[in-house]
Amino acid sequence: MGLIIENITKSFENKGVIKTVLKDINLKIKEGEFLTLLGPSGCGKTTLLTIIAGFQSAETGSIYLEDKIVSKPGPDRGFVFQDYALFPWMTVGENIIYPLKIQGVSKEKREKKLEELLNLAGLKGNENLYPYEISGGMKQRTAFVRALGSNPKVLLMDEPLGAIDFQMRHRIQKELEELWLKSKKTVVMVTHDIDEALFLSDRIIVMSKSEGKILGDLKINLKRSRDRESLEYLELKKELTSLLEKALKGNDGFTEI
Ligand SMILES: Nc1ncnc2c1ncn2[C@@H]1O[C@H](COP(=O)(O)OP(=O)(O)OP(=O)(O)O)[C@@H](O)[C@H]1O
Ligand SMILES: [Mg+2]
């Protein structure tokens with residue numbers, strides 16, 4: 001059960017040069033686990049996430065969700081985009097319910113689901129506002145519950161806090177954690193922020209830039225909500241920092257900036 005990533009390889013050709021971004025990636029993600037893919041820019045995090053989502057295909061390997069191969073996008077996998085991708089001409093409520101409308105869910109059921117999702121996200125009373133009228137955190141929560149609308153088995157999030165400014169990040173990370181704890185979903189999140197990964201994840205996968213490989217696989221057993229000043233937290237942060245430094249090294253051993 002859960003999500004299985006088996007022997008995924010993916011290359012891109014750029015001006016005649018073939019670059020392997022992911023090479024024989026294998027991962028087993030447990031049901032309910034919050035797993036983060038951490039790595040420097042360009043290491044293939046989004047590529048792997050979109051392969052899981054079925055937005056693009058791999059050259060080799062398969063993705064299994066609860067023992068079934070998935071190769072196309074489906075309602076069993078919800079996606080939260082980096083910039084939320086909310087429709088600016090739709091209200092919060094319309095945005096949240098849009099995927100269900102597309103799926104042909106009846107109006108009555110949609111309205112019921114909207115109530116449930118607005119309550120979950122603490123957005124009740126804001127459903128008639130437009131994205132430009134709400135804060136970054138509210139946008140983030142809107143995108144999160146929109147992805148939960150079809151009751152997916154897995155939630156895929158590509159840098160879901162990428163657009164949140166630094167001062168707000170800690171608060172929004174806590175909000176995201178609370179929403180996830182309530183939703184009990186399996187999550188695969190992408191980030192290049194060590195602190196974000198450490199605060200939120202049950203498990204962190206560190207991806208390397210040069211070889212498309214996994215450099216580290218760390219279980220984070222710290223009690224939630226995590227104390228960023230605790231010794232264990234700071235030690236793990238140190239370990240991740242050194243792994244990320246390795247992850248940044250190019251094939252030639254030089255660090256790319
Ligand atoms: N469609 C494509 N065609 C050609 N090259 C691509 C394509 N998609 C991704 N790449 C390349 O694959 C590599 C990995 O890209 P990817 O977007 O997965 O990285 P990332 O880890 O998500 O980076 P970031 O943190 O900057 O979002 C990059 O070198 C990128 O240029
Ligand atoms: Mg990316």
Side-chain angles (χ1 to χ4, degrees), residues 3 5-27 29 34-63 70-73 77-86 136 139-140 143-144 147 154-166 169 172-173 176 187-201 203-218 240-241 243-257:
L3 179 71
I5 295 163
E6 193 177 83
N7 291 327
I8 294 290
T9 297
K10 180 80 179 172
S11 324
F12 292 109
E13 195 192 317
N14 235 329
K15 293 179 191 143
V17 181
I18 294 174
K19 185 179 167 194
T20 302
V21 177
L22 301 169
K23 190 159 171 47
D24 285 331
I25 300 289
N26 286 287
L27 274 176
I29 303 161
F34 194 125
L35 177 132
T36 292
L37 303 172
L38 175 72
S41 182
C43 75
K45 304 180 295 295
T46 297
T47 303
L48 183 55
L49 203 68
T50 51
I51 289 172
I52 300 170
F55 297 159
Q56 61 178 330
S57 56
E59 280 138 42
T60 69
S62 310
I63 306 291
V70 286
S71 52
K72 285 185 293 192
R77 282 148 295 146
F79 204 95
V80 179
F81 296 89
Q82 176 164 3
D83 52 1
Y84 318 126
L86 298 177
K139 283 187 198 141
Q140 201 282 321
F144 186 88
V154 181
L155 203 55
L156 306 167
M157 304 198 281
D158 194 358
E159 309 221 19
L161 305 182
I164 304 279
D165 59 58
F166 186 72
R169 276 195 163 216
I172 311 288
Q173 282 166 5
L176 186 61
V187 165
V188 182
M189 180 180 86
V190 159
T191 187
H192 54 252
D193 183 329
I194 292 176
D195 190 54
E196 192 160 291
L198 206 43
F199 187 77
L200 289 166
S201 320
R203 189 173 159 206
I204 301 175
I205 304 296
V206 182
M207 292 171 69
S208 123
K209 175 146 184 165
S210 56
E211 295 144 33
K213 282 199 308 208
I214 290 172
L215 266 185
D217 184 343
L218 272 79
L240 282 166
T241 306
L243 270 171
L244 212 55
E245 267 164 22
K246 267 195 213 144
L248 261 167
K249 291 237 188 330
N251 278 327
D252 49 10
F254 287 103
T255 303
E256 267 185 67
I257 335 179

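Counting convention: from 1, in listed order, for ligands and their atoms alike.
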- For Glu159, which of Lys45, Glu196, Met189 qualifies under side-chain contact (heavy atoms from CB on, under 4.5 Å)? Lys45
- At a 4.0 Å cut-off, with the gap strictly under it, does some heavy atom of Gln56 reach an atom of ligand 1? no
- Item | Donor-acceptor side-chain pairing of Asp158 and Thr46 below 3.5 angstrom | yes
- Under-4.0 Å heavy-atom contact with ligand 1, by part of Val21 that carries it: side chain
- Message: Looking at Ile205, is its backbone amide N or carbonyl O close enough to the side chain of Asp217 to form a donor-acceptor pair, meaning the two atoms are under 3.5 Å apart?
- Response: no
- Query: Is the distance from the Mg ion (ligand 2) to the nearest N/O/S atom of Thr47 under 2.8 Å?
  - Reply: no
- Distance to 0.1 Å, residue and atom name: give those for the protein heavy atom nearest to atom 17 (O) of ligand 1. Thr46 CB, 3.7 Å
- Item | Sub-4.0 Å heavy-atom approach of Glu13 to ligand 1 | no
- Note on the structure: min-distance protein heavy atom vs atom 9 (C) of ligand 1 -> Phe12 CE1, 3.4 Å
- Task: Name the option, out of Ser41, Gly42, Ser11, that contains the heavy atom nearest to atom 14 (C) of ligand 1.
- Result: Gly42
- Of the choices Lys45, Lys10, Lys19, which has the non-hydrogen atom that lies closest to atom 25 (O) of ligand 1? Lys45
- Item | Nearest-option assignment for atom 19 (O) of ligand 1, heavy atoms, candidates Gly44, Pro40, Gly162 | Gly44
- Under 3.5 Å: donor-acceptor pair, side chain of Arg77, backbone of Ala53: yes
- Would you indicate which of Thr47, Leu37, Leu38 comes nearest to atom 15 (O) of ligand 1 when only heavy atoms are counted? Thr47
- Met157 and its side-chain contact (heavy atoms from CB on, under 4.5 Å) partner, picked from Val80, Val190, Val188: Val80
- Message: Can you tell me if Gly39 contacts ligand 1 (heavy atom of the residue under 4.0 Å from the ligand)?
- Response: no
